[in-house]
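One structure is given here, and the rest of the page talks about it.
Every heavy atom of this structure was used, including side-chain atoms; hydrogens, water molecules and symmetry mates were not.
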Amino acid sequence: QVQLQESGPGLVKPSQTLSLTCTVSGGSITTDYYYWAWIRQPPGKGLEWMGAIDYNGSPYYNPSLKSRTSISRDTSKNQFTLQLSSVTPEDTAKYYCARSDTEVTLTKGPYWGQGTQVTVSS
């Protein structure tokens, strides 16, 4: 019933900010007690949890990315967003949004979006 869909530009220039939106349907992002997460997977590498925002709007971040990451939400649109600043080619990856019962998740489940490819290149 709950579906998530990532959207945003597929190409970002180095030093710019990567911005993605996750649109949630079939359920509210304010529903107790879920976390709404962003996860990415660089080519040939494993999943990396980036952060999440909980049902109250409190954000949580991977310490390795915290300085560059901002997760926010728009409850009126039932959307949450990812902003990753100062990107480099190392940020090239497939980006997923997901709903999770836990703060940190690296387990794909039914409440993950299909993912969207983002390439950082000049």
Would you give the length of the straight line joining atom [atom1] of [X] to atom [atom2] of [Y], rounded to the nearest 0.5 angstrom?
X     : Y      : atom1 : atom2 : value
Tyr95 : Leu84  : OH    : CG    : 5.5 Å
Gln79 : Gln5   : CD    : CD    : 11.0 Å
Gln3  : Gln114 : CD    : CD    : 10.5 Å
Tyr55 : Arg73  : OH    : CZ    : 10.0 Å
Thr23 : Phe80  : OG1   : CZ    : 9.5 Å
Ile53 : Tyr60  : CD1   : OH    : 9.5 Å

Review point. Quick one: salt bridge (Lys or Arg N to Asp or Glu O under 4.0 Å) pairs with a partner in residues 101-113, sequence neighbours left out?
Key: none
Review point. So which pairs with a foot in residues 41-70 pass salt bridge (Lys or Arg N to Asp or Glu O under 4.0 Å), sequence neighbours left out?
Key: Arg40-Glu48, Arg68-Asp91
At their closest point, which heavy atom of [X] faces which heavy atom of [Y], and how far apart are they?
X     : Y     : value
Asn78 : Ser28 : OD1-CA, 3.5 Å
Val24 : Val2  : CG1-CG1, 4.1 Å
Tyr96 : Leu47 : CE1-CD2, 4.3 Å

Applying the 4.5 Å side-chain criterion to the ILVMFWY set and letting contacts propagate, would [X] and [Y] be lumped into a single cluster?
X      : Y     : answer
Trp36  : Leu65 : yes
Trp49  : Trp38 : no
Val104 : Met50 : no

Point to revise | Backbone of Ile71 reached by a side-chain donor or acceptor of Tyr61 within 3.5 Å | key: yes
**Study point:** Worked verdict on Ile39 versus Trp112 for side chain to side chain contact (heavy atoms under 4.5 Å, CB included)
**Key:** CA-CA 10 Å; Ile39 306 98; Trp112 282 50; 3.8 Å; yes
Residue pair [X] / [Y], side-chain heavy-atom distance below 4.5 Å:
X      : Y     : value
Thr105 : Tyr35 : no
Ser121 : Leu11 : yes
Val118 : Pro9  : no
Leu82  : Glu6  : no
Pro14  : Thr88 : no

Using only heavy-atom distances, determine whether the side chains of [X] and [Y] contain a donor-acceptor pair under 3.5 Å.
X     : Y     : value
Ser72 : Thr81 : yes
Asn56 : Ser58 : no
Thr17 : Ser19 : no

